[in-house]
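First up is the structure itself, then whatever we jot down about it.
Being a predicted model, the structure only gives us computed values, none of them experimental. If you read the sequence from its start, that first residue is 1, and numbering goes on from there.
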Amino acid sequence: MYSATYVWAKVIPWLENRLSAPLISSWFEDAEAVSFQDNVLTLYTPSAFNKDSIERCCTGYIQEAGRELFGQDLQLVVVCEPVQPAAAARNNDLIDANQQFTFDTFIVGNSNRFAHAVALAVSREPGGPYNPLFIYGPSGLGKTHLLYAIANAVRRDHPDFRIVYKKGDEFTNELINSLQEGKNIEFRNQYRNADILLIDDIQFIAGKERTEEEFFHTFNTLFEMKKQIVLTSDRPPREILRLTDRLVTRFEWGMLADVQPPDYETRMAIIRNKCISLGLELPDDVADYIATNITSNIRQIEGSVRKLQAHVRMGGFTMTVSNVAKVIRDMYTTSAEAMPTPDLIIAQVALYYGVDEAAIRGKHRGRNVIDARQMAMYLIRTMTNLSLPDIGKAFDKNHTTVLHSIKQVEEALAEGKFTDVVRDITTNINDKL
C-alpha cells in the first residue's frame with residue numbers, strides 16, 4: 001500500500017497542471033497528507049475556509065487523479081483538527097518516506113560527498129560498521145533527504161524491516177503523552193523493536209532529562225541488537241549544548257559525517273535538476289543569478305525555482321534576470337538581514353554591561369567583563385549560525401572555552417537568572433537590524 005506522503009506527492013503536481021498557481025498556493029500551502037487507507041486520502045489543514053474550498057472544488061479532481069495515477073478512484077477527506085496518532089494509519093510510526101527522496105535524486109558535490117557515500121553504505125549494510133551514523137550541518141542542506149533515501153533503499157531491499165522515523169521534538173512529545181496515558185511499554189516497544197531508527201534534529205532532546213534517559217536506553221537496546229541508528233543534527237555531538245556526556249559518547253561511536261553549503265557547481269546542478277523535474281526551462285544567465293545569490297540553503301534554491309514556475313504558469317512573465325531578481329529577492333535577503341553580526345552583538349553587550357568591547361574580546365578577568373564575555377558568546381551562538389571555533393576567533397579563545405562559557409549562561413538561565421538581561425540585550429540587537 002502506498003504511503004499518504006507518496007500519494008500526495010504524486011497528486012499535487014497533477015493538480016498543478018489543472019488548477020491555477022494562486023489557488024494551489026492558497027488552498028494547499030498548509031495542507032498535509034496524514035493517512036491513506038482503503039483508497040481514502042485524508043488531508044489536514046488548519047484553515048476551515050481552505051477545508052471547505054478543497055472539499056467543494058477538488059473532490060472530483062482527486063478522484064480523477066486517482067484513476068490516472070493509480071488506476072482507481074481516490075476518496076478525499078479533509079479535516080481541520082489535527083489527527084491523533086491512533087486515528088492515523090496503524091503503522092504511522094513507520095516512516096512515510098516520499099519516494100522522490102532517493103539516492104538517485106540527491107545531488108552530490110564536494111560539500112556532501114562523504115555524507116552521501118556513508119549513507120549509501122548504511123542502506124546497503126544496515127547495522128554494519130557505520131552504526132550509529134550521525135549526519136550534521138546547517139538546515140536546508142539535504143540531511144532529511146539522506147534519511148529518506150536510506151529508508152527508501154532499505155524498504156526496497158528489506159521490505160520486512162521495521163523503519164521508524166521521528167523528529168527529536170516528536171520523540172519528546174510522544175514520551176510525555178505516553179507518561180500521561182500510562183503507555184510507557186507501548187512507547188518503548190515502538191522504538192526498541194525497530195530495525196532502522198531514524199531521528200531527525202536529535203539536538204532537540206538536549207536538556208530534557210527524562211527524554212535523554214529514555215533515548216539512552218533505546219539507543220543501547222538497538223545498538224546491542226545491531227540495529228541501525230541514523231541521527232541528524234545542526235551541529236556535531238560535542239557542540240550540542242546540555243546534551244549529557246554519555247549520549248555524546250554514544251553518538252560518536254560510529255561515523256560522523258557533515259554536510260556543508262554547496263559550491264557553485266553543485267548549486268547549478270541542483271537548479272538544473274529541479275528544472276527538469278518541473279519541466280521548466282531557465283536561461284543560463286538566470287540559473288547563474290540564482291546560483292550566485294542563493295548560496296547556503298538547498299531548500300531556498302529549489303523554492304526559488306518553484307516560485308518561478310508558478311509565475312510562468314500564471315502567464316505574462318518574461319524570464320529575464322531583472323524580473324527573476326524581483327521575484328526571488330526575498331528568498332536570499334530576509335534571513336541574512338535578520339541575522340546580527342558578532343560585532344553588533346559584542347557592541348550591544350558591552351554597552352549593556354558598561355565595559356569596553358576590547359575588554360570583552362581580550363583577556364581581562366574582572367567579574368563584570370567575564371560575565372559580559374560569556375553573555376556575548378552565548379548570544380552569538382543563539383542568534384547566528386557560527387560554529388564554536390568561529391565564535392572563539394572573535395575572542396581569541398578555543399572552542400572548549402566558548403562551550404564552557406555558553407554552558408555557564410545556560411545553567412544560569414535554567415535557574416531563572418539572566419532572563420531579563422538576555423531579553424533586553426536581544427531587543428537592543430534586533431532594534432539595530
Subject >> Pairwise distance CH2(Trp8) to OG1(Thr42) - rounded to 0.5 angstrom >> reply: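 These two atoms lie 11.5 Å from each other.
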
Subject >> Main-chain N/O of Gly128 paired with Lys226 side-chain donor or acceptor, under 3.5 Å >> reply: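 Answer holds: no.
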
**OP:** Answer yes or no: is there a donor N or O on one side and an acceptor on the other, between the side chain of Asn173 and the main chain of Asp169, under 3.5 Å?
**Re:**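 Answer holds: yes.
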
**OP:** Grab the two heavy atoms, one from Val259 and one from Pro138, that are nearest each other, plus how far apart they are.
**Re:**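 Residues Val259 and Pro138, closest heavy atoms: O-CD, 3.7 Å.
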
Original post:
Which heavy atom of Leu256 sits nearest a heavy atom of Tyr136, and at what distance?
Top reply: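 Heavy atoms only, the tightest pair is CB-CE2, 4.3 Å.
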
Original post:
Does the pair Glu174/Lys167 count as a salt bridge with the N-to-O cut at 4.0 Å?
Top reply: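 Salt bridge between Glu174 and Lys167, a charged N being under 4.0 Å from a carboxylate O: no.
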
Original post:
Charged N to carboxylate O under 4.0 angstrom, Arg381 versus Glu239?
Top reply: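 Looking at Glu239 together with Arg381, the answer is yes, because their closest N to O distance falls below 4.0 Å.
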
Original post:
Under 6.0 Å between ring centres, would you say that holds for Phe106 and Phe101?
Top reply: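 Ring-ring flag for Phe106/Phe101: false, centres at least 6.0 Å apart.
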
Original post:
Who passes salt bridge (charged side-chain N to carboxylate O under 4.0 Å, His left out) against Asp201, sequence neighbours left out?
Top reply: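 In terms of salt bridge (charged side-chain N to carboxylate O under 4.0 Å, His left out), with neighbours along the sequence ignored, Asp201 is linked to no residue.
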
Original post:
Which residues satisfy the salt bridge (charged side-chain N to carboxylate O under 4.0 Å, His left out) test with Glu213, sequence neighbours excluded?
Top reply: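 Testing Glu213 for salt bridge (charged side-chain N to carboxylate O under 4.0 Å, His left out), a comparison that skips the adjacent residues, returns Arg246.
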
**OP:** Look at atom CZ of Arg423 and say whether more than 12 heavy atoms of other residues, nucleotides or ligands are closer to it than 6.0 Å.
**Re:**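 Count over threshold, so yes.
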
Original post:
Taking atom CZ of Arg238 as the centre, does the number of heavy atoms from other residues, nucleotides or ligands within less than 6.0 Å exceed 12?
Top reply: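 No, not enclosed.
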
**OP:** Using distance alone, with no hydrogens and no angle criterion, decide if Asn323 and Thr318 have a side-chain donor and acceptor under 3.5 Å apart.
**Re:**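 Short answer, no.
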
